[in-house]
Amino acid sequence: MHIKALLTQHIEAVFAELGLQSPALIQAASRPEFGDYQANGVMAAAKRAGINPRDLAANVITKLNSNANFSAMVSATDVAGPGFINITLAASFVAPALTVAINPTPAPQTVVVDYSAPNLAKEMHVGHLRTTIIGDSVVRVLEALGHRVIRQNHVGDWGTQFGMLLTYLEDSGNESDELSDLENFYRASKQRFDDDDDFRDRSRRAVVALQSGDANALAQWQRFIDISMSHCAHIYDRLGITLSDDDIMGESAYNDDLAGVIEALAAAGLLQRSEGADCVFLDQFKNKEGLIQPVIVRKSDGGYLYATTDLAAVSHRARRLEANRALYFVDARQSLHFKQIFAVARAAGFAPETMQLEHMPFGTMLGKDGKPFKTRQGGIIKLADLLDEAERRAAALVREKNPDIGLEQLNQLAKVIGLGAVKYSDLSKNRTSDYVFDWDQMLSFDGNTAPYLQYAYSRIQSVLRKSEVDPTLLPSNAIAEDQPERRLAVCIAGFNDVLQQVAEEGYPHHLCAYLYDLATRFTAFYEQCPILVSDDAQRTRRLSLANSAGITLQKGLDLLGIDVVDHM
RNA sequence: GGCUCCGUAGUUCAAUGGAUAGAACGAUCGCCUCCUAAGCGAUAGAUACAGGUUCGACUCCUGUCGGGGCUACCA
């Protein structure tokens with residue numbers, strides 16, 4: 001059920017009938033006393049038509065009420081304030097939504113989602129959390145709505161830094177166990193690269209050897225990549241990320257396409273030689289002095305750059321994968337880069353006009369001092385260490401709450417709760433804002449956190465167990481009666497609206513906010529409406545509501561990549 | 001310099017141009033004879049500054065102050 005879409009349709013139809021072209025602007029009511037939903041569009045429509053907004057609102061309501069379909073879904077509509085329309089849904093309309101079905105989209109698309117993309121030169125650190133977790137959640141939501149999703153893990157497996165790493169690997173006698181700590185290995189080779197001129201030159205030659213397909217260099221490279229990728233796979237497994245080896249489409253995969261990209265750009269008349277490099281100059285990247293910022297696609301030494309690779313990737317996604325949409329969950333610092341890539345791709349015809357290219361940026365991770373974490377020298381926290389600490393803290397808490405718990409169950413609980421907390425703390429923030437990394441914040445188990453939602457879920461399971469009824473036999477369309485029941489039921493009915501929004505905009509924090517609201521409404525209901533001690537009809541109705549709330553929580557958390565447990 | 005993002009309670013975060021700016025943590029005070037107190041209730045506390053547009057501005061525009069980021073051969 002898409003409540004917003006239905007209300008929007010009805011109201012905009014009335015607007016049209018009155019000769020007005022204006023959005024209905026439906027949103028969930030900002031306060032409970034305003035009903036369940038509100039339409040904010042009347043004021044603007046009235047303004048444009050030069051009529052009194054409250055009169056228009058009254059007129060709209062009259063027309064709405066004469067529509068049988070609208071009357072069936074709504075129990076009250078009122079004009080409020082300067083011209084808001086407050087809408088209270090009919091309990092009988094809300095009831096069917098308690099089956100908690102996710103509605104498939106009427107217009108399924110092929111959506112490429114580019115996310116995670118760790119740099120294989122290094123070990124995954126906390127900076128990779130956002131793209132990986134947020135991207136995976138959006139992927140889950142898109143798939144749940146019936147879109148065909150193609151994951152693309154555009155790993156950093158190519159480029160100049162590998163010259164440095166392979167040269168260092170060679171110098172250190174090919175000791176593969178040194179690679180067990182990738183981070184140290186990277187740091188050591190970087191140090192050498194910065195200090196040693198000869199090493200630097202050899203590193204650059206190693207890059208050329210790699211790019212020209214030298215067999216020995218390639219073999220070394222492959223070994224390095226395999227080891228590094230297995231580190232990533234391990235992290236994905238722990239985090240429950242849906243990426244697999246099949247989704248790996250790294251930078252190196254486009255090597256054979258790069259020359260073709262240059263040719264195509266030349267054929268399109270876009271290529272210009274400037275200071276020895278092949279560039280594309282587009283008017284839209286002109287500054288105030290009229291100077292155009294070039295997009296360099298081939299260096300003066302003949303080497304390609306990541307811009308070239310990304311152009312090849314756009315082309316691949318458009319033609320081979322036949323994507324209608326491509327989403328890039330990548331750091332906001334690359335905003336200009338993607339603006340350029342998308343513009344060049346369009347100009348060169350690599351992507352059809354009908355294909356949406358969307359950079360879904362996220363903010364930078366900051367230290368507690370508010371300054372960006374420097375990834376170059378120290379200061380980074382490995383993802384593996386963060387997850388260990390999360391599980392350790394969760395285990396300590398679980399043991400404290402439940403001293404008699406068995407070891408196996410303890411570990412299982414600690415994992416679900418610890419990882420849930422880490423993921424939720426990231427997912428619940430607007431991805432575009434910068435991100436302050438703080439152990440205690442990230443591993444908090446109180447308040448608006450995943451454990452709160454998991455706790456609400458486990459309480460529901462507890463009540464259902466005690467009721468000794470089979471939840472699948474509960475009526476799935478109970479009519480809510482008391483106020484806390486209504487508030488809960490209306491919230492459950494809004495599930496599809498929020499999924500739709502996340503699929504369109506790529507902001508899972510809206511789903512988090514929704515689930516938190518749902519959980520607080522459940523808790524209010526739980527406090528105010530005794531379930532098990534009620535009489536038969538009431539008991540069944542309330543059990544049914546609780547069950548629906550539990551299913552919604554479970555499904556919603558699953559779309560965030562967070563598990564639930566029956567006991568906490 | 002140019003472009004761009006940001007500045008909201010003590011702290012961490014919310015708020016498609018809508019009504020009285022919401023939460024959480026922390027603080028203070030309450031609530032377990034009662035379906036799990038990882039909970040619930042109450043109190044205090046915020047839009048950097050100055051203009052402007054608008055019926056209505058945290059949100060849009062201009063300026064000031066403060067802080068990130070990007071900006072021709074790294075990715």
Side-chain angles (χ1 to χ4, degrees), chain A residues 23 25-27 29-31 33-34 38 40-41 43-44 46-47 53 80-84 86 117 119 121 156 158-161 251 274-279 285-289 291 293-301 303-307 309-310 331-337 339 361 363-364 366 368 370-372 397-398 400-402 417 425 428-430 432-436 438 440-442 444-449 451-452 454-456 458-467 501 505 509-510 512-513 516-517 520 523-524 526-534 542 546 567-568:
Chain A
L25 302 179
I26 301 295
Q27 64 178 214
S30 56
R31 312 170 67 82
E33 57 267 36
F34 298 155
Q38 62 185 68
N40 299 334
M43 278 91 75
K47 179 73 182 176
F84 295 98
N86 290 342
N119 180 353
W158 204 246
T160 48
Q161 55 197 328
E251 294 168 350
S274 173
E275 297 177 27
D278 287 327
C279 306
F285 299 107
K286 199 185 291 183
N287 68 17
K288 275 183 181 161
E289 285 85 54
L291 294 170
Q293 191 70 237
V295 180
I296 301 179
V297 291
R298 185 159 57 185
K299 298 190 282 183
S300 48
D301 68 4
Y304 301 106
L305 299 100
Y306 76 135
T309 309
D310 278 336
D331 195 309
R333 284 176 287 195
Q334 297 199 29
S335 293
L336 176 61
H337 168 70
K339 233 179 246 171
T364 310
L366 308 175
K368 242 183 158 177
K371 293 187 173 157
L397 185 64
V398 170
E400 181 190 316
K401 304 264 182 199
N402 191 351
I417 293 169
S425 81
S428 61
K429 295 170 177 64
N430 185 325
T432 55
S433 44
D434 286 344
Y435 174 109
V436 174
D438 173 31
D440 294 328
Q441 211 89 47
M442 177 154 259
S444 162
F445 303 124
D446 296 319
N448 185 359
T449 61
Y452 177 88
Q454 291 166 327
Y455 182 64
S458 69
R459 277 175 137 181
I460 291 169
Q461 301 317 304
S462 174
V463 173
L464 290 172
R465 272 195 304 275
K466 290 202 165 132
S467 76
Q501 190 186 359
E505 301 171 352
H509 79 280
H510 286 129
C512 292
Y516 183 66
D517 184 37
T520 57
T523 305
Y526 181 86
E527 298 273 331
Q528 294 167 46
C529 302
I531 299 168
L532 297 178
V533 298
S534 304
R542 288 180 175 171
H567 296 269
M568 272 180 83

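Just so it is clear, the model here is predicted, and its values are computed rather than measured. Below, read A as the first sequence line, B as the second, and so on, with proteins coming before strands; counting in each chain starts at 1. Below, each value reflects all heavy atoms present in this structure, side chains not excepted, and no hydrogens, waters or symmetry copies.
Between the NZ atom of A:Lys339 and the P atom of B:U71 there is a distance of 13 Å, given to the nearest Å. At whole-Å resolution of the value, CZ in A:Arg333 and C1' in B:C6 are 14 Å apart. The CD atom of A:Gln293 sits 12 Å away from the P atom of B:C3 (whole-angstrom rounding). Counting to the nearest Å, the C1' atom of B:G22 and the CZ atom of A:Phe34 are 14 Å from each other. Rounded to a whole Å, the CD1 atom of A:Ile296 is 11 Å from the P atom of B:A75.
As rounded to the nearest Å, B:G10 and B:C49 have P atoms that lie 13 Å from one another. The C1' atoms of B:A57 and B:U16 are separated by 15 Å, rounded to the nearest whole Å. Rounded to whole Å, the separation between the P atoms of B:C40 and B:U36 comes to 15 Å. Using atom C1' as the reference point in both B:C58 and B:C13, the two lie 14 Å apart (nearest Å). Comparing the C1' positions of B:A27 and B:C34 gives an interatomic distance of 30 Å, to the nearest angstrom. Using C1' as the reference atom, B:G7 and B:U43 are 29 Å apart when rounded to the nearest Å. Between B:A44 and B:A21, the distance separating the two P atoms is 14 Å to the nearest Å. For B:U33 and B:A14, the P atoms lie 40 Å apart once the distance is rounded to whole Å.
For the salt bridge (Lys or Arg N to Asp or Glu O under 4.0 Å) test, no residue two or more places apart in sequence or in another chain qualifies with A:Glu275. Residues meeting the side-chain contact (heavy atoms from CB on, under 4.5 Å) test with A:Arg542, sequence neighbours left out: A:Asp482, A:Glu485, A:Phe525, A:Cys529, A:Pro530, A:Ile531, A:Ser534, A:Gln538. Considering only residues two or more places apart in sequence or on other chains, A:Ala332 meets the side-chain contact (heavy atoms from CB on, under 4.5 Å) condition with A:Ser335, A:Pro361. Contacts of A:Glu400 classified as side chain to side chain donor-acceptor pair (under 3.5 Å), with partners at least two apart in sequence or in another chain: none. Annotation: side chain to side chain donor-acceptor pair (under 3.5 Å) contacts of A:Ser30 (sequence neighbours excluded): A:Gln38. Residues satisfying the side-chain contact (heavy atoms from CB on, under 4.5 Å) test with A:Gln161, not counting sequence neighbours, are A:Asn119, A:Ala121, A:Tyr186. Legend: residues meeting side chain to side chain donor-acceptor pair (under 3.5 Å) with A:Glu505, ordered by chain and number and at least two apart, are A:Gln501. Annotation: side-chain contact (heavy atoms from CB on, under 4.5 Å) contacts of A:Thr520 (sequence neighbours excluded): A:Tyr452, A:Tyr516, A:Asp517. For A:Gln293, there are no side chain to side chain donor-acceptor pair (under 3.5 Å) partners two or more places apart in sequence or in a different chain.
In textbook terms, a nucleotide whose glycosidic angle is within 90° of 0 is syn, and B:C32 is one such case.
Sequence order on RNA chain B of the closest nucleotides to A:Gln334 and A:Glu33 puts A:Glu33 first from the 5' end. When each of A:Trp158 and A:Thr449 is assigned the nucleotide of RNA chain B with its nearest heavy atom, A:Thr449 is the one assigned upstream, toward the 5' end.
In this structure, A:Asp434 contributes its side chain and A:Thr364 its backbone to a donor-acceptor pair below 3.5 Å.
Using a 4.0 Å heavy-atom cutoff across all strands shown, A:Thr309 reaches no nucleic acid atom at all. If you check every strand for non-hydrogen atoms under 4.0 Å, A:Ala80 touches a base. Here A:Thr160 lies in heavy-atom contact (under 4.0 Å) with sugar-phosphate atoms only.
Helical stems in RNA chain B, defined as runs of 3 or more consecutive Watson-Crick or G-U wobble pairs with both donor-acceptor distances under 3.5 Å, are listed by first residue as B:1-7 with B:65-71, B:10-13 with B:22-25, B:27-31 with B:39-43, B:48-52 with B:60-64.
Closest to the A:Glu251 side chain, of the nucleotides B:G22, B:A72, B:A75, is B:A75.
The side-chain heavy atoms of A:Ser444 and A:Gln441, taken from C-beta on, include no pair separated by under 4.5 Å.
If you take CG on A:Asp278 and OH on A:Tyr304, they are separated by 9.0 Å, rounding to the nearest 0.5 Å.
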Pairs under 3.5 angstrom, nitrogen or oxygen only, protein versus nucleotides 12-18 of chain B, please.
| from | atom 1 | to | atom 2 | distance (Å) |
| --- | --- | --- | --- | --- |
| B:C13 | OP1 | A:Val436 | N | 3.1 |
| B:A14 | OP1 | A:Asn430 | N | 2.6 |
| B:A14 | OP1 | A:Asn430 | O | 3.4 |
| B:A14 | OP1 | A:Ser433 | OG | 2.9 |
| B:A15 | OP1 | A:His509 | NE2 | 3.1 |

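The base of B:A19 sits within donor-acceptor range of the side chain of A:Asn86, with an N or O pair under 3.5 Å.
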- For every nucleotide of nucleotides 30-47 of chain B, 5' to 3': is a protein heavy atom under 4.0 Å from its base (B), only from its sugar-phosphate (S), or from neither (-)? -----BBSBSS-------
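A:Ile417 and A:Pro451 get closest at one heavy-atom pair: CG2-CG, 3.8 Å.
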